[in-house]
Each structure stands twice: as C-alpha cells, then as structure tokens.
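Take a look at the structure below.
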2 protein chains.
Amino acid sequence: MQNAPRKARNSATSTRRKSAAVTIHEVAQRAGVSPMTVSRVVNGNANVRAATRELVMRTVRELNYTPNAAARSLAAASGTRIALIYTNPSSAYLSELLVGALDGASKAATQLVLDTWDHMTRATERAAARKIAQSVAGVILPPPLCESKAVCSELVAAGIPVVAIASGRFQPDISGVRIDDFRAAQEMTEHLISFGHSRIAFIKGHPNQTASALRYEGFQAAMAAAGIPVDPTMVQQGFFTYRSGLEAAEKLLARKKPPTAIFASNDDMAAAAVSVAHRRGMDVPRDISVVGFDDTPTATTVWPELTTIRQPIAAMAASSIDLLLRSIRRRKDGEARVVVDHVVAHVLVKRDSVAAPGPG
Amino acid sequence: MQNAPRKARNSATSTRRKSAAVTIHEVAQRAGVSPMTVSRVVNGNANVRAATRELVMRTVRELNYTPNAAARSLAAASGTRIALIYTNPSSAYLSELLVGALDGASKAATQLVLDTWDHMTRATERAAARKIAQSVAGVILPPPLCESKAVCSELVAAGIPVVAIASGRFQPDISGVRIDDFRAAQEMTEHLISFGHSRIAFIKGHPNQTASALRYEGFQAAMAAAGIPVDPTMVQQGFFTYRSGLEAAEKLLARKKPPTAIFASNDDMAAAAVSVAHRRGMDVPRDISVVGFDDTPTATTVWPELTTIRQPIAAMAASSIDLLLRSIRRRKDGEARVVVDHVVAHVLVKRDSVAAPGPG
DNA sequence: TTGAATTTTGATAGCGCTATCACTACGCTC
DNA sequence: GAGCGTAGTGATAGCGCTATCAAAATTCAA
C-alpha cells in the first residue's frame, strides 16, 4: 500500500522450480515438432498429418506423457470445475455415480467438485445456486434435485449448463441422461405375470421424483395389458427408504389374502419386504416373490438376491460429464443452447427372488 | 514439420479471451494492493498487517472472488494429481471414501484419479505401479491393497508417496490413517458382555487384511478379561462378504446350543446373520443379538438396525489426502521422508440389534 | 538519533498448456 | 506458369496465480 515507485527488478534467471512430470515441450523436442503440434495430436484436433500424428503418439507413449490438467484448463479457459450436487450421502447409488463421474472427469482433464444440498429453504437454494454458478462451469444433478423446478430454474437463470441424471422424465429446459422408467417397470411386471402372478402388490417411490410416477405407470400399463385389475389396497406409498419399505410391506403382508408378489420401486424397499416376509415365517420366493429396482449393492446384500432392474449409473454419470462439457464448450463458443434427452438401456437382472405363486 | 525459417509474428494485441470470473487482479485493484498481497491474504500466509488483511477480505467478499484452482495448482507446481486405487467396486464404504477424498482433494486444488487393480498378477501389479508413479504425484491405498507387501514396495521403490487408509496395522514403510481395530472390537465385545452374553460367536474377516486379525484379537482379549473361554467352534471364518456371512451364520445357528450373540467382523456379514436368524424363526435381538463393524449403509438397511463400530471413513479419506500432500511437498523440497501413523477415533454406535440373552 | 534487523509489500517471471494469427507448402484450376 | 485456396505447422502471448527476489517501511537497541 505504498505510492512511491519501485525500481525494476534485476532481470536474472528465475529460480522457479519446474515440476518432475514430463511436459509437452519435452515431447515436442523429442519428436522434432512444435509443442502446438503435440497439443493438436493429444487433443485429437484436425489438420495433422497421419505420419506426424503417429510419431507424436509414439513419443507420448515412450515418455508416458500425461497432460497437466491445471495448465490445460487454464489455457483453454474451458470449464475446469464441474459440480455434482447430491442430497443423500447414504444414497444407494452414490458410489457408482462418483466412480462414473470421476472416470468421465479425469478423461476430460476436468475437476469434479462435490456439494451437498439438503433440507434447504428456497432462499438458501437460490443463494447456493448463485454461488455455485460463479465457481464452477457446470452442474450434474441427480434426483431429487433435478426434479426441483426451483433448483433448475435458478441454475438456468444463472446461465450455467446443467445435466440431470436419472431424472425419470425429460425436462425441456435441461439436458439429461436417464433410462425409460416406464418401460422398465412394465417389463418387470410382465416378468412377474409370466411366472403366473396376478396378485401383485406395488410399493411406490418417493413422490418428489418423477421416476416414481413413471414406474407406477409402467406397472399399471402391464397389469392392464394382461387384463389384471389393480387393487388400490395392493398399492402402498413408499419413500425409497428401507424404513418406508418395512411399513408398506407390513401392511401388505398383514392382509387376510396377501399378495403373491411385491414389486418395490427400489432395492432398499424390496430388501425391507424380504425381511418382513421372513419375520412372518414366509419363504421367499416360494410364498412371496419380491423384486426391486436399480440394482444397487443392496440387491445382493440380502437373501435371496433380488431380481431387479439395472440402471447403469456409472456409464450414465460418465455420459453426463460428456454432455455437460459439450454444453460448456457450446456456451463458450457463443453457440445456441441445445437440450439433449439421452435415454440409455436398462437391464432386467434375474436373480433368485422370483418363483411361481404357491398353491395358496 | 517444415524446416524453413518463420517470420516473427506481428506483435499485435492478443485476442485471447478472458474468463468471466473475478480475478485476483480485480480484487487487488479495488483494494489498492498488489495481487501478491491478495494471494497472501487468501492463502493465510504470514506477514500481512491486520488492517490490510481485513480490507482485502472485505473486498474478496464484495466481489465474491473465488480463486481459480487450475491457476493456483499450476503456479504452485504442487502435486496436481493423486490416485486412489481400489479393488472392489461393491465395497460397502467406497462412496464414503470417495466423498471424503473428493472433499480433501478439492480443498487442496488437487485432481483425484481413480484406478482399479483387481485380480492382478505380481508382474502386472509391478507394471501398474511403475506406470502410475509416472503420472500421479501420490497414491491412496485402501485395504486389501495397502496390505500387499508387493504393491507397497513397488510404489515405495518407484519413489512415489503413499498413504494407506484403514489398514489395520501400522506399516513402518508407508504412512497411514486408521482406527484401532483391536480396541474397537474389544469394546464391542465388552458391550455384549455387559448385556450378560457369554455364548458369543465371532465371524472373522478376510485373512488378506490385518484388520481381520486385530478385530479377532480384540474379541479374544475382551473375552479373556471377562474370564469367558472362547469355544473355537463358535468362531467361523468369513470373507467380509454377505455370502460368507450366510454360510458362517448357518453353521453357528444350526448348533444344538446356538450362541446368544454373534459378532460379525463387518456389517454385511452381520446382515447375513440377521437374515439367517429370521429364516430360522428367531427373533433379533430377543433370541439372538447381532453386531457388525464399520457402520456402512448396510447397518441401517436391515431390520433391526445394527449396533456396530463406526469408522469415520470420509474424515479418514480427507486426512489421507492431507497427509499425502504433505508428503509430496516434503519430497519436492528435498526433505527427508517421514512416516506417519495417524490413528483416529472409532465410535460404538448402539442401535436395536442387541438385547440381554433370553431364558433359553 | 542512528543503524541494524525484521516485517510488509510489490515486481517479475514463469508454472504447462492452448487460442490465435501468420507463414509455408502443396494441389488444383485456368 | 501463375494465382488461389486449403492443409499443416509454428511462434507468440497469455490464461490466473504464486515462488522468488528486491524494495520500502517499521521496529528495536545502543
């Protein structure tokens, strides 16, 4: 904080230390090309001769060169940091989500930042959205945040690119990666029906997620197509938690004429139904079949292992990163916003929790 | 690849685009100090007057300035990439590990990279260690990799800093962050004994982890201290998997005189024991108490919820990152290697799976 | 008060990479 | 052969920050 002029520093050789890692200059020198050419090759840019490209790639391999992500982000001024915002640390698919997101991020030399938004008022959500828009270049939103109109509109208004993951229904203002929840639930119900089940109970997911409604709709559609009426007393509200699954299953299995199968909207609730059945002296699947959804680790941390729908969360997360980076690039280039609806395949995973209904 | 000399470029104003974010220069200008002073304040460096510090902090707040992480890592030439190597994607604590590691990494402007080493020969492990040593500045190893002498010695030989997490026993050649498994298991056993249990069965963990031996030793020590002999037929080998827990529990509960309590070396195996008990028509905890270890999500995705030992994995992961970055810095500064054994507190988490033994 | 030591602050250069502009070489058309 | 357009490559400057050295200001002791 002084106003007096300062003498220029003596222009001696800098003593600044260089990192131990191989740099683009070393590769360039060895290959006999410019650093810019190495950059073009490594980044897959056009306008490099095939022979030059091969020579550079060989040199990269020999020196085991890995680009410095920080330098790349800084120079490219591309989105260096993206945030993944989640609400529930115990969420059954968080690890798969993180593994997939980290994989996608590290391939793109991008820093993944976690943030947790839980039990927030509208005002704090708004403030959080504004703050994050200033420190990251884009946001990945899993449910239930991606279902919140308030969250989405704040982020969109802040001009930050957003990608929803596993959002159930496509939303016209943000891009997303999802499975077809309706079709998946329909298939699972058809699977149960194919075993001869007609007294099928359904435990709904949390109403704050559109996937819940879609899964129920898929169930209903398959039942209708098979000419089986849905008894509303065979439908219980759950909240995607083990505890809510216990409560729902107690009600279903306490009935005079219990169901022969339970389709729970996620694996945790299905595991709870298995526990209740066992404690009531019922054999799974002989006396009652139980199926879940998501193929989380819970599906195999229960006995018998659950037949469930696999949602490829890790691949979806990596796809989300890709989509988000594309969006950030378009924004940077002043191009028009494009909203993408990327639907990936689900898989019906057959394990040991389903059998034909017994004689009762 | 042209040999012709090139004319020097005309030294015109660059058209390079500047990012929209607030920079340290803008803060400096507004506060009337140099960028270097802002840097010192933001990084908590010494030798800044209190008044200057306050002025700068106020300006930072007004402008909502957030340092550019990429620029910071690049300028500081700190270890920018660290790897977390894991073996089992279904590991019950992977998500907590990742959340903690990502938190620690992003606070330190460090890029976290995941790698998975599974079912590798000694030779491929060696090659992988060499390769990773060339592309990251340090490595975090969870079990069972941190227990592998081969893995550890390869990484140490490659001169790369390594930190083990949840390793059971301190190893004199690499730093680590762990709980006291012996003491934790001792406490859990004491807890069961305090309820009046003496017929306590134990399901061991996987022999490829030293935590397994320590937990068993802790169990034995508490039993010995209480003057209760350990019946070897009440001890079954498990492998930290739900399936191995099923098998062990079937053996224990098929006995003419079954145990009144089961202490399983992790939550998955405890959950399996609960399932077997229920299917045998036993009430948990009235007929049989069941306790686990780790406080993973499994502990609360079961009914009744498990009494267990909480190992604070997320905090431990963040600590590991910190320790690793310190180690990287020491190495960079040419300082001697320091091996640290950081033991963090565990917590005995009491839930609903323990009661006094019944009259039988 | 003076001189020495220490604290505080600022200027410079560069961390590793890439956007951008300029140049060269080559191919095609007239 | 001359001129034009495009592919391929290289040189420059700078992305935002901080390590390092130098200069200025302050404090302390004689």
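The chains referred to below are lettered A, B, ... by the order of the sequence lines, with proteins before strands, and numbering in each begins at 1.
With the nearest nucleotide of DNA chain C identified for both B:N47 and A:R40, B:N47 has the one nearer the 5' end. Position along DNA chain D of the nearest nucleotide to B:I24 versus A:P35 favours A:P35 as the more 5'-ward residue.
Residues A:P67 and A:I24 have side chains not in contact (no heavy-atom distance under 4.5 Å, counting atoms from C-beta outward). Looking at heavy atoms from C-beta onward, B:V139 lies in side-chain contact with B:L141 at the 4.5 angstrom threshold. Taking the side chain as every heavy atom from C-beta outward, A:L97 and A:P142 approach each other to under 4.5 Å.
The residues B:E62 and B:R30 are annotated as salt-bridged, a charged nitrogen and a carboxylate oxygen being separated by less than 4.0 angstrom.
Here C:dG16 is the nucleotide among C:dG16, C:dT20, C:dG10 with the atom lying nearest to any side-chain atom of A:L74. Nearest nucleotide to the side chain of A:R49, out of D:dT18, D:dG8, C:dC17: D:dG8. Which of D:dT9, D:dG16, C:dT9 sits closest to the side chain of A:T52 comes down to D:dT9. When distances are taken from the side chain of B:A75 to each of C:dC15, D:dT9, C:dT18, the shortest belongs to C:dC15. Distance from the side chain of B:N68 is smallest to D:dC17 among D:dC17, D:dT9, D:dT18. Residue A:Y65 places its side chain closer to C:dC17 than to any other of C:dT9, C:dT18, C:dC17.
Phosphate contact (OP1/OP2 of D:dT18, side-chain N/O of B:R72, threshold under 4.0 Å): present. For A:S39 and C:dT18, the shortest distance from a side-chain N or O to OP1 or OP2 is below 4.0 Å. When the side-chain nitrogen and oxygen atoms of A:T37 are compared with OP1 and OP2 of D:dG10, one or more of them lie within a distance under 4.0 Å.
In this structure, B:M36 places its CE atom 16 Å from P of C:dC15, rounding to the nearest Å. Per the geometry, CZ belonging to B:R53 stands 9 Å off P belonging to C:dT8, to the nearest Å. For the pair B:L63 CG and D:dG16 C1', the interatomic distance rounds to 15 Å; values are reported in whole Å.
A donor-acceptor contact under 3.5 angstrom links the side chains of B:E26 and B:T23, judged on distance only.
Inter-axis angle, ends of the helix from C:dT1-D:dA30 to C:dC30-D:dG1, five pairs per end, rounded to 10 degrees: 30°.
With hydrogens and angles disregarded, a donor-acceptor distance shorter than 3.5 Å links the side chain of B:T59 to the backbone of B:L55.
Considering all non-hydrogen atoms of both residues, B:T116 and B:T87 come closest at OG1-O, 4.0 Å.
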